[in-house]
Amino acid sequence: MAGILFIISAPSGSGKSTLVSQLRTLVEGLEFSISYTTRAPRGSEEDGREYHFTTRERFEQMIAAGEFLEWAEVFGKDYYGTAVSTLEHAKQAGKDLLLDIDVQGAMQVMKKMPEAVTIFVVPPNPQVLEMRLRNRSEAEQAASKTPISEAEIEKRLAEARNELKRIQDYKYALVNDVLDQAVSELRAIVLFERGVRDGVQAVAASCRTDAASPRLRASLSAFQEL
Ligand code: ADP
Ligand code: 5GP
């Protein structure tokens, strides 16, 4: 079972962080990769916990030294990357590893490691995505963090439509509508890929992108209609 690489990607605001943090409480033996980034820490984030926060100069040195499994400039602003050493540590510890990375980074890893198990989280429709982006922004405002701007919301919605175009490259697609359902689907995928069959096989199969479930088709067509 050890040594499986899981990749999860989603448009910003889809609920990926919420899903991943619930998964952590449900599944053992799964390491969560801590990426390097040049963006500033937000809220209560701590260096070495959510991210390794670093400078552009240091990040570019790491690129030149070939220290990244993948890296990307996300939202055209900041660098984000997964260090090769993170993968090696998980392997040595006999653990599976989960990468929470954007579509550009996921494409790079798929090329290098086609055996990686790829999961795309889809928001139910653009209206719900917009509402989640706004709700999160209000929560951040209440906590005196910098709120997301209207222009930023528009940009994230446009990016979501672009990212959704790559969904067929992912093995699984989860529609994050009802949270508990999406969490149990994510858990079922992880357990199924580890070889468990009882109680998870049908759920995992229904989440395959190529199964094109009615729920998935409805979400994708809602985004195409915009
Ligand atoms: P991401 O990590 O994909 O950017 P978050 O996990 O921060 O997204 O979720 C964005 C917002 O949507 C948060 O306010 C979160 O509480 C909310 N949210 C996430 N999943 C659901 C869900 N299934 N139903 C309703 N709200 C959700
Ligand atoms: P945030 O700044 O909100 O934490 O993350 C923004 C985006 O960057 C998310 O889509 C997240 O998945 C992506 N991301 C985080 N770490 C990495 C990484 O190491 N590589 C890539 N390519 N994307 C990352």
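One-based numbering, in listed order, for ligands and for the atoms of each.
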Which of the numbered atoms in ligand 2 are below 4.0 angstrom from a heavy atom of Thr82? 19 (O)
Enclosure of Glu57 CD (heavy-atom neighbours >12, cutoff 6.0 Å): no
Ligand 1 contact on Asp177 by region, counting heavy-atom pairs under 4.0 Å: backbone
Is it the case that the side chain of Thr118 and the backbone of Lys171 share a donor-acceptor pair, with hydrogens and angles ignored and the cut-off at 3.5 Å? yes
Quick one: does Gly13 get within less than 4.0 Å of ligand 1, heavy atoms only? yes
Which residue supplies the protein heavy atom nearest to atom 13 (C) of ligand 2, what is that atom called, and how far is it? Asp102 N, 3.8 Å
Sub-4.0 Å heavy-atom approach of Glu70 to ligand 2: yes
Would you mind checking which non-hydrogen protein atom is closest to atom 7 (O) of ligand 1, with the distance to 0.1 Å? Arg136 NH1, 3.0 Å
Apply side-chain contact (heavy atoms from CB on, under 4.5 Å) to the pair Leu23 and Leu19, showing each step before the final yes or no. CA-CA 6 Å; Leu23 181 70; Leu19 286 172; over 6 Å; no
Pairs of nitrogen or oxygen atoms closer than 3.5 Å, one from Asn135 and one from ligand 1: do any exist? no
Begin with the C-alpha distance, continue with both residues' side-chain angles, and end with the deciding distance and a verdict on side-chain contact (heavy atoms from CB on, under 4.5 Å) for Tyr172 and Val117. CA-CA 8 Å; Tyr172 295 101; Val117 176; 3.8 Å; yes
Please could you name the atoms of ligand 2 that Gly105 approaches to less than 4.0 Å, counting only its heavy atoms? 22 (N)
For atom 2 (O) of ligand 2, which protein heavy atom lies nearest, and how many Å away is it? Tyr80 OH, 2.4 Å
Say whether, by atom type as modelled, one donor and one acceptor occur between the side chain of Gln104 and the main chain of Glu73 under 3.5 angstrom. yes
Could you list which atoms of ligand 2 come closer than 4.0 Å to a heavy atom of Ala72? 22 (N)
Min over Val74, Val103, Ile101 of heavy-atom distance to atom 7 (C) of ligand 2 lands on Val74
Quick check: Gly15 and ligand 1, any N/O pair under 3.5 Å apart? yes
For atom 20 (N) of ligand 1, what's the nearest protein heavy-atom neighbour? Residue, atom name and distance, please. Asn176 ND2, 3.1 Å
Taking the side chain as C-beta and beyond, is there a heavy-atom pair between Met110 and Met107 under 4.5 Å? yes
Relative to ligand 2, is Tyr51 under 4.0 angstrom through side chain, backbone, both or neither, heavy atoms considered? side chain
Could you tell me whether the side chain of Asn125 and the main chain of Ser219 form a donor-acceptor pair under 3.5 Å? no
For ligand 2, is there an atom lying under 4.0 Å from some heavy atom of Gly81? yes
Does Lys16 have a non-hydrogen atom less than 4.0 Å from ligand 2? yes
For ligand 1, find out whether one of its N or O atoms is nearer than 3.5 Å to an N or O atom of Val178. no
Any idea which protein heavy atom is nearest atom 15 (C) of ligand 1, and the distance to it? Thr18 OG1, 3.8 Å
Side chain, backbone, both or neither: which applies to Arg39 and ligand 2 if a contact is any heavy-atom pair less than 4.0 Å apart? side chain
Check if Ala10 has a non-hydrogen atom at a distance under 4.0 Å from any atom of ligand 1. no
With under 30° as parallel and over 60° as perpendicular, where do the rings of Tyr51 and Tyr80 fit, or are they tilted in between? perpendicular
Check for me whether Gln108 has a heavy atom closer than 4.0 Å to any atom of ligand 2. no
For Ala212, does its backbone N or O pair with a side-chain atom of Arg217 as donor and acceptor, under 3.5 Å? yes
Polar side-chain atom of Arg39 near backbone of Tyr79 as donor-acceptor pair, under 3.5 Å: no
Which ligand 1 atoms does Ser12 reach within 4.0 Å, using its non-hydrogen atoms? 4 (O)
The single option from Thr86, Val109, Ile101 passing side-chain contact (heavy atoms from CB on, under 4.5 Å) against Leu69: Val109
Side-chain donor/acceptor of Arg161 to backbone N/O of Phe223, under 3.5 Å: no
Looking only at heavy atoms, which two atoms of Glu45 and Ala40 are closest? And how far apart? OE1-O, 4.4 Å
What atoms of ligand 1 come within less than 4.0 Å of a heavy atom belonging to Leu179? 20 (N), 23 (N)
Protein heavy-atom partner closest to atom 3 (O) of ligand 2 - residue, atom, separation in Å: Arg42 NH2, 3.0 Å
Hey, could you give me the OG1/CD1 distance between Thr82 and Ile34, rounded to the nearest 0.5 Å? 11.5 Å
Check: Val121 main-chain N/O paired with Asn176 side-chain donor or acceptor under 3.5 Å: no
Trp71 and Phe59 aromatic ring geometry - parallel, tilted or perpendicular at 30°/60° bounds: perpendicular
How far is atom 12 (O) of ligand 1 from its nearest protein heavy atom, and which residue and atom is that? Arg132 CD, 3.3 Å
Distance from atom 2 (O) of ligand 1 to nearest protein heavy atom, with residue and atom: Ser17 OG, 2.4 Å
Nearest protein heavy atom with distance in Å, relative to atom 19 (O) of ligand 2: Ser35 OG, 2.7 Å
